[in-house]
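Throughout, a chain's letter reflects where its sequence line sits, starting with A, and its residues are numbered from 1. Just so it is clear, the model here is predicted, and its values are computed rather than measured.
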Protein chains: 2
Amino acid sequence: MATGRTHRPATRSRGIPEATVARLPLYLRALTALSERSVPTVSSEELAAAAGVNSAKLRKDFSYLGSYGTRGVGYDVEYLVYQISRELGLTQDWPVVIVGIGNLGAALANYGGFASRGFRVAALIDADPAMAGTPVAGIPVQHADELEKIVSDNGVSIGVISTPAGAAQQVCDRLVAAGVTSILNFAPTVLSVPDGVDVRKVDLSIELQILAFHEQRKAGEEAVGGSSVDPAAPPVRAATDSSRKGPDGDVPAVMPA
Amino acid sequence: MATGRTHRPATRSRGIPEATVARLPLYLRALTALSERSVPTVSSEELAAAAGVNSAKLRKDFSYLGSYGTRGVGYDVEYLVYQISRELGLTQDWPVVIVGIGNLGAALANYGGFASRGFRVAALIDADPAMAGTPVAGIPVQHADELEKIVSDNGVSIGVISTPAGAAQQVCDRLVAAGVTSILNFAPTVLSVPDGVDVRKVDLSIELQILAFHEQRKAGEEAVGGSSVDPAAPPVRAATDSSRKGPDGDVPAVMPA
DNA sequence: CCATCTTTGTGCACGCGTTCACAAAGACAT
DNA sequence: ATGTCTTTGTGAACGCGTGCACAAAGATGG
């Protein structure tokens, strides 16, 4: 019916706030770095600084997981790494498929951060027959026709879409039909999915646009002390310059072929 | 002093809430699609569906920009495209540099969504001398030694970092010193920047970890009705299996060389 | 010119997330 | 054993974001 709900349906999974869940990977990364330097314990203040957050926030976040700290000392690094990993579900193996092997898809396939977190690239899939068999990051690309079989055979529940925008919804539908229940979408489109399927979206150009907004404000503020921003007269409604818009519209990150 | 503040310092720029700013690009994308189909007007309900948000939220978002709608009719598509573009600062030219031309950097350089939004890739920069001169997306890669000169000559205020984690902070420092005040960071590190510099972070593995969390919950819930999750006994503090951790740590998305 | 109908713009209430500030807990030295 | 000092864990207050629900505005038809 309605367009897919990309948002968290106020899941509040088992009492752990969504905002906290989103920060756990951050803590985990900082802790892993400490672990590699063989640091035995860390205080909330130090860890918060390393993760780039407020220490009170960090302590409250950890309080949702349990009382894993020792007052007067701090947190045991190894122990906390394990607890967070377990909470995030990283102690188990997550086979993922990447659909759309362009530049971005290849970058994802080569991304070392996946394997070290329990994510295993089970397959690379592309619609271009010419790519079939070509190894990318040591994994041969398979044709899109095999999608359902691959998902089914490997028990894949997480799919990554790095296709052009035009193909994303179709790929999404097939992934979901084949049993995928979590999707990471890099294509610049709103995906429509049934209830029970999670979608997270990463949009490269949106981030830049947000930066541009703040950048514009900075420039505007130091130029004039005032606030009114009205450089050029706004085109009197329905301006006729729809030509400059360009036909590229929403060209996605990479070519699928 | 403290680690870089990646977060919005409650800017609340000129009355427009940060959450609204983050959604404007979404609306803009939907509106652009409508514009290309020559749709003259659109209601808040329709546009909200296309953007994947609640219609009340959309109306409230637009109310921060001004009264651009017509009651009983809806919004003029072209007019709204212009207003949002102007608010986001997309009516002006934003030269950006991309530092670190691996798979990800190349994907970004090829990303069509940039050019169509007023972003112009002014230069591609990489630390590998062997890459200098090699064209990527039609733009010759320049050596990192030229970074300061490039930023200065082109008046670049937005930088994109797609280097390995180890090089990110150093690149960031040089960009900032050269005059960049907004940074989009793809390297898995917390960047430390002085006040006045905005940093936005895109982390590929964090998104997957969040998905894994929810995926684990789904699996756990349909298996058992209960809530307690305690599959394996937690290793009695400071477990000795720090060997499985692997030396890859936080290998970044792409090779710089 | 008036009635009706559609759709915007927003006042209000609610809930989540953040931050402060402090009491409780434990380590450590004497 | 006792006191001091550090650091956690959390109660409480606050502010932002979201969604409801409705009045105002304007289009449209008679």
Is the phosphate of dT19(C), meaning OP1 or OP2, less than 4.0 Å from a side-chain N or O of Lys57(A)?
yes

Looking at Thr70(B), I'd like to know whether one of its side-chain N or O atoms comes within less than 4.0 Å of OP1 or OP2 on dG26(D).
no

Which whole-number value in Å describes the distance from Tyr68(B) OH to dT8(C) C1'?
15 Å

Stepwise side-chain hydrogen bond (donor to acceptor under 3.5 Å, both in side chains) test for Gln169(A) and Ser192(A)
CA-CA 7 Å; Gln169(A) 183 62 59; Ser192(A) 181; 5.1 Å; no

Which of dT8(C), dG17(D), dG9(D) is nearest the side chain of Pro17(B)? It is dG17(D)

Between CZ of Arg23(B) and C1' of dT18(D) the distance, given in whole Å, is 8 Å

Report the residue (Gly74(B) or Ala19(A)) whose heavy-atom-nearest nucleotide on DNA chain C is the more 5′ of the two.
Gly74(B)

Rounded to whole Å, the CG-P distance (Leu58(B) to dT10(C)) equals 14 Å

Length of the CZ-C1' vector between Arg59(B) and dG11(C), whole Å
13 Å

Measure the distance from CD on Glu45(B) to P on dG9(C) and round it to the nearest whole Å.
14 Å

Selection from dA23(D), dC20(C), dT18(D) that lies nearest to any side-chain heavy atom of Lys60(B):
dT18(D)

Let me know the distance between CG of Asp76(A) and P of dG26(C), rounded to the nearest Å.
16 Å

Polar side chain donor-acceptor pair, Ser44(A) to Arg59(A), under 3.5 angstrom:
yes

Closest approach to the side chain of Asn54(B), judged atom by atom: which nucleotide of dT8(C), dC20(D), dC20(C) is it?
dC20(D)

Is a side-chain N or O of Ser35(B) found less than 3.5 angstrom from the main chain of Leu31(B), in a donor-acceptor match?
no

When Tyr27(B), Tyr82(B), Phe62(B) are each screened for ring pair (Phe, Tyr, Trp, His ring centres under 6.0 Å) with Tyr75(B), the one that passes is Phe62(B)

Selected nucleotide, minimal atom distance to Ser44(B) side chain, candidates dA21(D), dG9(C), dT8(C)
dT8(C)

Output, in order, the C-alpha distance, side-chain angles, deciding distance and verdict of side-chain hydrogen bond (donor to acceptor under 3.5 Å, both in side chains) for Ser205(B) and Gln209(B).
CA-CA 6 Å; Ser205(B) 86; Gln209(B) 291 175 56; 3.3 Å; yes

Spacing between Arg71(B) atom CZ and dT8(C) atom C1', to the nearest angstrom
5 Å

Rounded to the nearest Å, what distance is computed from the CG atom of residue Leu47(B) to the P atom of nucleotide dT6(C)?
20 Å

For dT7(D), does OP1 or OP2 lie under 4.0 Å from any side-chain N or O of Ser43(A)?
no

Within the structure shown, what part of the strands sits under 4.0 Å from Tyr75(A) by heavy-atom distance: base, sugar-phosphate, or nothing?
sugar-phosphate

